[in-house]
Amino acid sequence: MDNNATGLNHIAIAVTDMDAAIVFYRDVLGLHLDRVEEVKEEKSKVAFLPLGSSEIELVQPTADDTGVAKWLVKHGPGMHHIAIQVTDIAAAMERMKANQVELINLEPRRKSDGTLYAFIHPRSAFGVLIELYQTGE
Ligand code: ZN
């Protein structure tokens with residue numbers, strides 16, 4: 001069965017104190033910090049720490065009205081979601097719908113680099129927020 005998934009693109013960790021989080025993940029845990037970016041469309045600051053063929057992303061909201069900001073109020077800092085790399089997000093989403101899986105966004109969202117992504121609700125994924133992620137060319 002072709003499940004269209006080819007890897008783990010990233011794990012996102014929600015943080016309230018980016019500097020302190022970087023001190024731990026880079027200086028103590030020893031991961032390489034590739035860059036820190038302001039991601040306008042997500043209203044957040046994101047630190048990218050490549051790890052093998054995947055990446056850890058530290059996400060700190062820059063506004064109070066984002067999904068991650070609301071999640072932080074409820075849960076505190078912690079693992080927010082995992083992103084599964086897919087080759088065909090439309091097919092992956094059709095498969096979710098055909099299996100009565102609850103999607104948070106019914107159409108893929110697009111990042112400025114052409115990446116398409118969509119979230120599966122944790123209610124349908126055993127408590128884990130899963131991002132389907134198709135990178136742009
Ligand atoms: Zn993500």
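Counting starts at 1 for both ligands and their atoms, in listed order. Throughout, numbering of the chain's residues begins at 1 and tracks the sequence.
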* To do: For His10, check ring pair (Phe, Tyr, Trp, His ring centres under 6.0 Å) against everything at least two apart and list the hits.
  => His81, Tyr133

Heavy-atom side-chain contact between [X] and [Y] under 4.5 Å:
{"X": "Ser112", "Y": "Glu41", "result": "yes"}
{"X": "Val36", "Y": "Ile22", "result": "yes"}
{"X": "Ile84", "Y": "Ile82", "result": "yes"}

* Measure from the side-chain N and O atoms of Ser54 to the backbone N and O of Asn9, and report whether any donor-acceptor pair falls under 3.5 Å. => yes

* To do: Have a look around the Zn ion (ligand 1) and list protein N/O/S atoms under 2.8 Å, or say none.
  => His10 NE2, His81 NE2, Glu131 OE1

* Asked: Can a donor-acceptor pair be found between the side chains of Thr16 and Gln60 at a distance below 3.5 Å?
  -> no

